[in-house]
Amino acid sequence: MLQIPAVEFHQVKKQYGELEALKEISFSVEEGSFFGLLGPNGAGKSTLINAMSGLIVPSSGRIKIKGFDVIDDYRHTRRILGLVPQELISDPFFSIRELLQLQSGYFGLKGAKQSAWIGELLERLALSDKSDANTSQLSGGMKRRVLIAMALVHKPQVLVLDEPTAGVDVDLRRTLWEFTKELHQQGHTVILTTHYLEEAEALCEKIAIMQDGEVKALDSTHALLSKHTYRYLRVTLSQAAYQLIPALEQRLVEREHNGLVFKLEKTASMTELLAWLHENQLQVTDISSRDASLEEVFLDLTSGETT
Amino acid sequence: MINYAGCWALFIKEIRRFYSVVVQTVFAPVVATLLYLLVFGQVLDTQIDVYSGLDYSQFIIPGLVMMAILQNAFANTSSSLIQSKMHGNLTFVLLSPISPLELYVAFVGAAIVRGVAVGLAILVVGIIWFDLSWQSPLWIMLFAILSAAMMGGLGMLAGIISDKYDHLAAFQNFVIMPLTFLSGVFYSIHALPGVWQEISQFNPFFYMVDGFRYGFFGQSDVSVYLSLSVTLLFLLIVSAINLILLHKGVKIRE
């Protein structure tokens, strides 16, 4: 039986006056996947996420969450989806626990079971001792945790995190990722945008790279990395080299003391590189090779170079 | 299917919001209105004859009560909405399965509660100190609730279209305040020169004050049914505009 995708985008377009924030985006996110949405600032990631959550109305196109349209069947989609927005939010009138209770109420959830879930969320996100505090008294990291608790209060099947670790310290970042991984293992679909590409590389099974309102690349993380047409070679020399022949100079991406890093086409053989090094009369003490990181793939894609 | 539980939760949240600052949202307007009553009522009591057999202080109490209802119902929705926009917490409501109609009903419902609470407190003082009596509690309640609903809706509209507190203050000071003061709170429109009498009849607030006053004295400047019709008509227009804007997400889902 064909599985309904967790999220489907069909030619989603968003226009702000002259600016095309989203240019007919179409792709889908499989159920139960950990999906990364990457792109430079202004690429359209948050616009896409906000359109998916119903926070903005697309100019045209359709978005479906588990087969339900986000406009026509919004009551269904909002129950399925939990969003951790990028901007920090506060409410000067209520404590964290009261906010969670109110948010539960909007979804028609109350009673002992819901109170227990709220208690569990507060505990899991290390907010228990602050549960009676007002959000305006909290630090940025604490506010971020409150947003995560708010997004999870109705136990959504699809969790969308819009740069959840922005401005968060290393400890909390690690805690958040552990928690997110746990939710994913429990069967939640997780959609994530982040500027920490090494985290996206470690966490996401599939990645879409956006730029200027378009999806530039969409594939599994492994395929994206292996499809990259370059590899990186680190050459350590017995002494620093000041002049390189053109073949080496044009491939040089990093120079540090006696170490040189070359970006080499996968089609180019190691023999070729060794020949160039020999031609340059360089004394090589060590050579190591590695594939491109997600950051390098990302930079190549978003800087307009062909990969 | 209607999300009754969600609508109720939002209604309760809105009440708890203004109750958490009750000194500012209820007691302060009550004291301010009583000062009007003290100054205008006491000073002008014997100098102005409005309705036969009625002291001026008795005459202005229903007007002042209605003025407080109108201003506080407007303030509740407008300030709640603009604060939610500014702090960003409106997002929580927008992410929930609450429809535009449910959102509107919850906000306006809370505005009615605040408006009527302030009005009731002033009325109690009026009854105790100024021997105020009433002819028809039904008309009084009907105009209090419908007028608060209309103003709650107008406040919602102002909250939706305002991008910052400054816009809201302009709406409050240049639209709501003049219309309230020129609605016959302090006088009968029969006391005005002919042309001003006619202009007053284009002010919807005038009908709310006049209909409300009818409930107390059994007499009014215009027919109570005309006042009821105008109040209902404006409530419908304001509600329709709000629902269209909320449905389209104008300045809310952008």
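Every value quoted in this text rests on a predicted model; they were computed, and no experiment measured them.
Between chain B and the residues A:S90, A:S53, A:G108, the largest count of heavy-atom pairs under 4.5 Å involves A:S90. When each of A:L55, A:T77, A:D91, A:I56 is checked for heavy-atom pairs under 4.5 Å with chain B, A:L55 comes out on top. Ranking A:G105, A:A51, A:P85, A:G82 against chain B, the residue ahead of the rest is A:G105, based on heavy-atom pairs under 4.5 Å. Counting heavy-atom pairs under 4.5 Å between each of B:G88, B:S96, B:G249, B:C7 and chain A puts B:S96 at the top. The choice from A:E87, A:E98, A:H76 that makes the most heavy-atom pairs within less than 4.5 Å of chain B is A:E98.
Residue B:S20 touches chain A through its side chain alone, counting heavy-atom pairs closer than 4.5 Å. Looking at B:S99, the atoms closer than 4.5 Å to chain A (heavy atoms on both sides) sit in the backbone and in the side chain alike. The part of A:L147 that comes within reach of chain B is its side chain, from C-beta onward, which places non-hydrogen atoms under 4.5 angstrom from that chain. For chain A, the nearby part of B:M1 is the backbone; its heavy atoms alone come within less than 4.5 Å. Of the atoms belonging to B:V21, it is side-chain heavy atoms, and not backbone ones, that fall under 4.5 Å from chain A. The part of A:Q103 that comes within reach of chain B is its side chain, from C-beta onward, which places non-hydrogen atoms under 4.5 angstrom from that chain.
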Could you walk me through whether A:S60 and A:Q11 pass the side-chain hydrogen bond (donor to acceptor under 3.5 Å, both in side chains) test, one step at a time? CA-CA 7 Å; A:S60 63; A:Q11 297 184 309; over 6 Å; no
List the steps, then state whether side-chain hydrogen bond (donor to acceptor under 3.5 Å, both in side chains) holds for A:S128 with A:E123. CA-CA 5 Å; A:S128 296; A:E123 185 71 37; 3.3 Å; yes
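Geometrically, A:K64 does not engage A:F68 in a cation-pi contact defined by less than 6.0 Å to the ring centre and at most 45° from the axis.
Between atom CE of residue A:M210 and atom NZ of residue A:K45 there is a gap of 8.0 Å, rounded to the nearest 0.5 Å. One finds the CD atom of A:Q186 at 10.0 Å from the NZ atom of A:K155 (value rounded to the nearest 0.5 Å).
For the pairing with A:V29, the side chain to side chain contact (heavy atoms under 4.5 Å, CB included) check across A:T189, A:V190, A:V160 returns one residue only, A:T189.
Of all heavy-atom pairs between A:T135 and A:K143, the closest is O-CE, 3.2 Å.
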